[in-house]
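What follows is a short report on a single structure.
All values below come from the heavy atoms of this structure, side chains included, with hydrogens, waters and symmetry mates left out. Keep in mind that this is a model prediction, so the values were computed, not measured.
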Amino acid sequence: MKCVYCGCEESKVLDSRSTDETNSIRRRRECLNCGRRFTTYETVETTPVLVIKSDGSRQPFDREKLIGGMIKACEKRPVSLPQIETVAMEIEKTIQNKLQQEVSSKELGEMVMNALKRLDEVAYVRFASVYRQFKDIESFKKLLEDM
């Protein structure tokens, strides 16, 4: 790391701390040439993930949109907002860990349904009924029988 005062590339780390809920690391450094101290911040660089919609269009992955859909499915159910946010974060991590820049909306929907099935079966059925766009009562019955 270059010293901000003298430009020397040699420094030692005096202290490291997590910040922003571990999204970045604050490092206190000391230049080995001039002895002055400075602070640097390191963040993980992530590539944006695109969601491929059923019509073939692409849009950036939006965790807030994901949370919004789950909130609607969990309305008036004993599922807390922190639980929903945790699920959304887990889904986002799963997508990023695949190291793919694109994910299909179908795959994303299946991840949400699997997570909601573990959280609350009624929320799962609500989400599935909208996601799978049931055309008749028979397809709805089939979903319930599969549970």
Side-chain angles (χ1 to χ4, degrees), residues 1-5 7 9 11-31 36-147:
M1 182 61 61
K2 261 189 184 176
C3 174
V4 295
Y5 303 106
E9 292 189 13
S11 66
K12 66 178 179 180
V13 175
L14 302 173
D15 183 40
S16 292
R17 295 181 187 192
S18 296
T19 60
D20 299 331
E21 299 173 3
T22 69
N23 288 334
S24 66
I25 298 173
R26 177 188 179 272
R27 296 198 194 277
R28 190 74 180 140
R29 298 176 178 269
E30 182 177 359
C31 177
R36 295 185 75 181
R37 294 180 178 187
F38 57 98
T39 303
T40 60
Y41 293 90
E42 293 180 19
T43 58
V44 176
E45 187 175 79
T46 58
T47 56
V49 176
L50 296 177
V51 177
I52 305 170
K53 307 294 275 178
S54 57
D55 66 358
S57 65
R58 287 166 170 72
Q59 67 183 68
F61 174 80
D62 184 0
R63 183 166 23 130
E64 296 304 315
K65 187 174 178 182
L66 185 71
I67 290 171
M70 288 191 291
I71 286 173
K72 287 178 187 172
C74 295
E75 198 170 296
K76 297 182 182 180
R77 299 298 307 156
V79 179
S80 69
L81 185 58
Q83 287 175 299
I84 293 171
E85 289 172 340
T86 299
V87 167
M89 194 168 51
E90 289 170 0
I91 290 171
E92 187 174 20
K93 280 183 185 178
T94 300
I95 292 169
Q96 289 176 344
N97 286 342
K98 288 185 177 186
L99 300 176
Q100 297 173 340
Q101 292 181 330
E102 296 181 332
V103 62
S104 71
S105 59
K106 181 178 181 179
E107 185 179 353
L108 186 58
E110 293 295 327
M111 286 185 215
V112 173
M113 285 196 309
N114 289 335
L116 286 176
K117 195 173 193 178
R118 290 188 307 268
L119 271 181
D120 186 88
E121 289 181 341
V122 173
Y124 162 73
V125 171
R126 286 178 180 171
F127 187 87
S129 68
V130 172
Y131 175 72
R132 292 202 174 139
Q133 299 175 347
F134 293 138
K135 304 287 186 237
D136 56 20
I137 194 71
E138 293 304 317
S139 53
F140 194 74
K141 283 182 185 177
K142 185 176 182 328
L143 173 75
L144 293 175
E145 287 169 1
D146 290 344
M147 287 177 57

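Met111 has its side chain within reach of Ile95: a pair of non-hydrogen atoms, C-beta onward, lies under 4.5 Å apart. Looking at Val4 and Cys31, their side chains never come closer than 4.5 Å, going by heavy atoms from C-beta outward. Here the side chains of Gln83 and Val87 are not in contact, with every heavy-atom distance at 4.5 Å or above. Considering only heavy atoms from C-beta on, Glu107 comes within 4.5 Å of Lys98 through its side chain. Using a 4.5 Å heavy-atom cutoff, the side chains of Arg26 and Asp15 are in contact. At least one side-chain heavy atom of Arg126 sits less than 4.5 Å from a side-chain heavy atom of Arg77.
If you take CZ on Arg37 and SG on Cys3, they are separated by 12.5 Å, rounding to the nearest 0.5 Å. Here the CG atom belonging to Asp120 is positioned 13.0 Å from the CE atom belonging to Met70, to the nearest 0.5 angstrom. Atom CZ of Arg29 and atom OG1 of Thr39 lie 10.0 Å apart (nearest 0.5 Å). Atom CD1 of residue Ile84 and atom SG of residue Cys74 lie 4.0 Å apart, to the nearest 0.5 angstrom. We find the CG-CD1 distance between Leu66 and Ile71 to be 10.0 Å, quoted to the nearest 0.5 Å. Of the inter-residue distances, the one linking Lys12 atom NZ with Arg28 atom CZ reads 13.0 Å to the nearest 0.5 angstrom.
When all heavy atoms are compared, the tightest approach of Phe61 to Val51 is CA-CG2, 3.8 Å. Scanning both residues, Lys2 and Gly7, for their nearest heavy atoms gives CG-O, 3.6 Å.
In terms of modelled atom types and a separation under 3.5 Å, the side chain of Arg58 and the main chain of Glu102 share no donor-acceptor contact.
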